[in-house]
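Notes follow the structure.
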Amino acid sequence: MEKEIDEKKQGTSLVLENKEGNTKKLFIESYGCAMNFSDSEIVASILTEQGYNTTQNLEEADLVLVNTCSIRDKAEMTVRKRLEKYNAVKRSINPGMKVGVLGCMAERLKDQFLEQEKIVDMVVGPDAYKDLPNLLKEVEEGRDAINVILSKDETYGDIAPVRLNSNGVNAFVSITRGCDNMCTFCVVPFTRGRERSREPQSIIEEIQDLWNRGFKEVCLLGQNVDSYLWYGGGLKKDFVKATDMQKATATDFAQLLEQCSIAFPKMRFRFSTSNPQDMHEEVLHVIAKYDNVCNYIHLPVQSGSTRILKEMNRQHTREEYMELVDKIKRIIPDCSISQDMITGFPTETEEDHQDTLSLMEYVEYDFGYMFAYSERPGTLAARKMEDDVPEETKKRRLQEVVDLQQILSEKRTKRFLGQTVEILIEKESKKSDQHWSGRNSENVVAVFPKGDYKVGDFVMVKISDCTTATLIGEAVGYGPMQTN
């Protein structure tokens, strides 16, 4: 909820080129949001230097790691099943295998996994990946290993992530870690700690490396990118204690986004995730000004009811959210906006639900990530609020939200009919090996016949038809962003 969960990527086992001389095998599987998949790349980079090459064959692995998510109950249940599978392989086929849990579940269920259930050898929290070499030594000497300490300054800015399962076109670059917002339904502040930002120069250097290797699009990533603030290091909340010089020379998100767009005029930029109360008008002007910053904002709202937003501690009202949307549409007229929505939050009434539906109609979201509320242990909502909306009511309301979003998505997709739009080719179409698939600046997928174009090309596509969420057309030449 605050994070986009791509169901198609869940459970992906990650693979990269073997490093000569490495003899140990690593199997690493990821669940959750883009931040978790990005973290797996950091872990793989660290372990490559410790003699590990990745494998997709679980049975031959010396080390099995699962990078976990605590956002939804479904993800936790899936991870538990995978841990059972790892341990079955360990018992029957590969007794020397070591099993570790990384990420958000690691912090929350450390005692359960290590001491009570004894299903893992190692538990590593999101801020402790640099400690992996030491933790592996502990495990190899027969001891359980744990580090879930949350850091005030760890951003992994000095580690160049290995790009796993990459198409060589799109990449995530983490710019912040942690979150200060304390939404009552969310475990992120407890599992990933308080907000801190990464040094701008290290971000530019990572993007430069991606550009040198032929990547064409970067998504700047964080739990809350809009509150990015670099003033020399440290927690965002401690900015009030910064010196006058630090405050005068600080870099905020609008400035970082502009720096990136100017430094790499032929690289396309996206960002995720935005929090409504932290999105400042300067960011909107940067998007409007630079053609290589995409006309797309993921703007989670969770509910259309001001009363429920207050219960969620969202720090904005329905009306403030609508004002922000009005501002976006005024400054970036063709901008796509997507949502996160939770149905059936504690105390939600039918009137609250109708407020959500009417907000969706007001905004006309291009697409969304929609979930029925599931109580997450450790959150304020779990401690203080009764999960009092019946399951069937949650599901019915969710279906109504999904059905409305489909209608809105179709309407928004149809606006491109007859237009010629610039598409970045990302991969072959799933339905036809004769067609390419890519996205336009507004984050809408388009498919078209391959012709002589290749993955990574920017192509102008004349749109002649569409489905609910996919544009269909013909390529008519290279786009302005094409470099050769």
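Inter-residue side-chain proximity for E195 and N224 is flagged as met; some heavy-atom pair is nearer than 4.5 Å. Using a 4.5 Å cut-off on side-chain heavy atoms (C-beta onward), N275 and R314 make contact.
Shown here for E311 and M385, the closest heavy-atom pair between the two residues is O-CE, 3.1 Å. Residues S303 and L309 come closest through the heavy atom pair O-CD2, 3.5 Å.
Of the options Q399, E391, E392, a side chain to side chain contact (heavy atoms under 4.5 Å, CB included) to K395 is made by E391 and by none of the others.
Under the rule for a side-chain contact (heavy atoms from CB on, under 4.5 Å), the partners of C219 that lie at least two apart in sequence or sit in another chain are F172, R270, S272. Partners of F367 under the ring-ring contact (aromatic ring centres under 6.0 Å, His included) rule, at least two apart in sequence or in another chain, are Y296. For Y321, the ring-ring contact (aromatic ring centres under 6.0 Å, His included) partners are H316, not counting sequence neighbours. Taking Y453 as the reference, Y478 meet the ring-ring contact (aromatic ring centres under 6.0 Å, His included) condition, with sequence neighbours excluded.
Looking at R196, its side chain does come within 3.5 Å of a backbone N or O of R194 through a donor-acceptor pair. Checked by atom type and distance alone, the side chain of S197 pairs as donor or acceptor with a backbone atom of L229 at under 3.5 Å. Of the possible polar contacts, none joining the R412 side chain to the I337 backbone as a donor-acceptor pair under 3.5 Å is found. In this structure a side-chain-to-backbone donor-acceptor pair under 3.5 Å is present from T413 to T468. With hydrogens and angles ignored, the 3.5 Å screen pairs a side-chain donor or acceptor of N87 with a backbone N or O of I119.
A donor-acceptor contact under 3.5 angstrom links the side chains of Q482 and D457, judged on distance only. Inspection of the S338 and D366 side chains reveals no N or O donor paired with an N or O acceptor under 3.5 Å. For the residue pair Q339 and Q405, a side-chain donor N or O sits within less than 3.5 Å of a side-chain acceptor on the partner. When only modelled atom types and interatomic distance are considered, S305 and D352 share a side-chain donor-acceptor pair under 3.5 Å.
Using a 4.0 Å cut-off between a side-chain N of Lys or Arg and a carboxylate O of Asp or Glu, K237 and D180 do not qualify as a salt bridge. We find that D39 and R177 are joined by a salt bridge, their nearest charged nitrogen and carboxylate oxygen being less than 4.0 Å apart. Between K394 and E348 there is no salt bridge, since no side-chain nitrogen of the basic residue lies less than 4.0 Å from a carboxylate oxygen of the acidic one. Salt-bridge annotation for E217 and R439: present, with a side-chain N of the basic residue lying under 4.0 Å from a carboxylate O of the acidic one. By the 4.0 Å N-to-carboxylate-O rule, R415 lies close enough to D334 to be salt-bridged with it.
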Show me the donor-acceptor pairs within less than 3.5 Å that the side chains of residues 325-333 make with the rest of the protein, sequence neighbours left out.
unit_1	atom_1	unit_2	atom_2	d
D326	OD1	Y362	OH	2.7
D326	OD2	Y362	OH	3.0
K329	NZ	V363	O	2.7

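Sorted by first then second residue, the salt bridge (charged side-chain N to carboxylate O under 4.0 Å, His left out) pairs that include residues 251-264, not counting sequence neighbours, are E258-K289.
The distance from atom CD of Q315 to atom NZ of K310, rounded to the nearest 0.5 Å, is 12.5 Å.
Using bins of under 30°, 30° to 60° and over 60° for the plane-to-plane angle, the ring pair W211/F264 lands in the tilted bin.
The aromatic ring centres of F253 and F271 sit less than 6.0 Å apart. Remark: aromatic rings of H298 and Y369 are close, center separation under 6.0 Å.
Within a 6.0 Å radius of NZ in K266, other residues, nucleotides and ligands contribute more than 12 heavy atoms.
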